[in-house]
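Comments concern the structure below.
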Amino acid sequence: MFTKTMLIAASLLAITGAAQAESTTYSVDPTHTFVTFEARHFGTSTNRGRFDKKEGSVTLDKAAKSGKVEVTIDTTSINTGVGPFDGHLKSKDFFNTAEFPTAKFVGDKFTFDGDKVKSVAGTLTLAGQTQPVTLAASNFNCYTNPMLKREVCGGDFETTIKRSEYGVKYGLPGIPDDIRLLIQVEAVKQ
């Protein structure tokens with residue numbers, strides 16, 4: 001009887017623990033999420049731009065220190081503030097948005113420092129090519145949004161990619177291969 005009672009109690013504790021370690025789903029807030037890029041221009045200035053349209057979701061299990069993120073970027077929404085330059089970036093020389101209108105990041109390898117996400121590793125698909133990418137967090141936090149009355153998590157992430165690995169070779173080496181990606185993201189609990 002004692003063993004049976006202990007077995008039942010242990011089972012209940014295990015079930016309770018598993019229930020507490022649940023994943024939470026967040027929807028990327030496009031009004032507080034920006035994907036920007038920086039590229040040196042023939043060793044002089046730095047060209048910058050962003051993608052105005054993006055969507056995605058984040059599933060986060062803080063207790064298990066795991067999660068998954070999927071963000072789709074509309075490459076046709078590229079915006080440098082200079083129309084003719086945007087047109088060239090949309091062409092086959094760069095993003096080839098007619099053939100590849102979206103880019104996608106999928107990450108499922110989270111690294112934590114305490115409760116803070118420090119990095120997310122996964123893959124980036126751009127111009128029809130998929131390569132491994134790790135986004136390092138320089139900031140991460142969760143808070144209760146006073147207007148939405150829901151939890152919001154987000155931070156600042158960055159990585160450097162080699163555009164030639166995605167088949168984007170126009171202007172090399174004058175326009176360097178290394179492109180810095182900066183992602184400011186906030187996602188709202190669903």
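For the numbers below, each heavy atom of this structure counts, side chains included, while hydrogens, waters and symmetry mates do not. In this chain, residues are counted from 1 in sequence order.
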List the atom pairs, donor and acceptor, that lie under 3.5 Å between side-chain atoms in residues 84-93 and the rest of the protein, sequence neighbours left out.
unit_1 : atom_1 : unit_2 : atom_2 : d
Asp86  : OD1    : Thr80  : N      : 2.8
Asp86  : OD1    : Thr80  : OG1    : 2.5
His88  : NE2    : Asp93  : OD2    : 2.7
Lys90  : NZ     : Thr76  : O      : 3.1
Ser91  : OG     : His88  : O      : 2.6
Ser91  : OG     : Asp93  : N      : 3.2

TODO: Report the distance from atom OG1 of Thr159 to atom CZ of Arg180, rounding to the nearest 0.5 Å.
DONE: 10.5 Å

TODO: Could you tell me the separation between the OG1 atom of Thr134 and the CD atom of Glu158, rounded to the nearest 0.5 Å?
DONE: 12.5 Å

Open item on the list: To check you understand the geometry: which heavy-atom pair defines the closest contact between Val133 and Phe105, and what is its length?
Closed with: O-CE1, 4.2 Å

- [ ] Return each pair, listed once, that meets side-chain hydrogen bond (donor to acceptor under 3.5 Å, both in side chains) where at least one residue sits in residues 164-174; pairs must be two or more places apart or across chains.
- [x] Ser164-Asp177

Task: Side-chain touch Ile183/Phe34, heavy atoms, less than 4.5 angstrom - done: no

Open item on the list: Using modelled atom types and a 3.5 Å cut-off, is there a donor and acceptor pairing between side-chain atoms of Arg163 and backbone atoms of Pro176?
Closed with: yes

Open item on the list: Going by salt bridge (Lys or Arg N to Asp or Glu O under 4.0 Å), name the pairs with one or both residues in residues 137-156, residues two or more places apart or in two chains.
Closed with: Lys62-Glu151

Enumerate, atom names and distances included, each donor-acceptor pair closer than 3.5 Å involving a side-chain atom of residues 41-49, sequence neighbours excluded.
unit_1 : atom_1 : unit_2 : atom_2 : d
Thr44  : OG1    : His41  : O      : 2.6
Thr46  : OG1    : Arg40  : NH1    : 3.4
Arg48  : NE     : Glu38  : OE2    : 3.1

Task: Connected-component partners of Val152 among ILVMFWY, side-chain separation under 4.5 Å - done: Tyr143, Leu148, Val188

- [ ] Would you check if Lys162 and Asp178 make a side-chain contact, meaning some heavy-atom pair closer than 4.5 Å?
- [x] yes

Task: Side chains of Val69 and Leu135 in contact at under 4.5 Å (non-hydrogen atoms) - done: no

What side-chain donor-acceptor pairs closer than 3.5 Å can you find for residues 107-118, not counting sequence neighbours?
unit_1 : atom_1 : unit_2 : atom_2 : d
Thr111 : OG1    : Ser119 : OG     : 3.2
Lys116 : NZ     : Phe140 : O      : 3.2
Lys116 : NZ     : Asn141 : OD1    : 3.1

Task: Heavy-atom closest pair, residues Thr33 and Lys54 - done: O-CE, 2.5 Å

- [ ] Decide whether Leu126 and Leu182 are clustered together by the hydrophobic rule: side chain heavy atoms of Ile, Leu, Val, Met, Phe, Trp, Tyr closer than 4.5 Å, transitively.
- [x] no

Task: Distance in Å, Ser57 OG paired with Gln190 CD, rounded so as to fall on 0.5 Å steps - done: 9.0 Å

Open item on the list: Please enumerate all residues that pass side chain to side chain donor-acceptor pair (under 3.5 Å) together with Thr130, with sequence neighbours excluded.
Closed with: Thr125

Open item on the list: side-chain contact (heavy atoms from CB on, under 4.5 Å), that's the test. Do Val58 and Thr25 meet it? Break it down for me.
Closed with: CA-CA 6 Å; Val58 178; Thr25 301; over 6 Å; no

Task: Results of side-chain contact (heavy atoms from CB on, under 4.5 Å) for Ser77 - residues two or more places apart only - done: Phe51, Asp52, Lys53, Asp74

Open item on the list: Give me the atom names and distance for the closest heavy-atom approach of Glu55 to Val28.
Closed with: C-CB, 4.4 Å

Open item on the list: Would you say Leu172 ends up clustered with Ile179 if hydrophobic residues are merged whenever their side chains have heavy atoms under 4.5 Å apart, either directly or through other cluster members?
Closed with: no

Task: Hphob cluster co-occupancy, Ile175 + Val82, side-chain heavy atoms under 4.5 angstrom - done: yes

TODO: Tell me, please, which residues at least two apart from Thr75 pass side chain to side chain donor-acceptor pair (under 3.5 Å).
DONE: none

Task: Sequence-distant partners of Ala137, side-chain contact (heavy atoms from CB on, under 4.5 Å), two or more places apart - done: Phe157

Task: Joint hydrophobic cluster, Ile161 plus Val106, side-chain heavy atoms closer than 4.5 Å - done: no

Task: Those residues that, when tested against Lys68, pass salt bridge (Lys or Arg N to Asp or Glu O under 4.0 Å) (two or more places apart) - done: Glu70

Open item on the list: Would a single hydrophobic cluster contain both Phe100 and Val35, if residues Ile, Leu, Val, Met, Phe, Trp and Tyr are joined by side-chain heavy-atom contacts under 4.5 Å?
Closed with: no

Task: Counterpart residues, side chain to side chain donor-acceptor pair (under 3.5 Å), relative to Gln129 (two or more places apart) - done: none

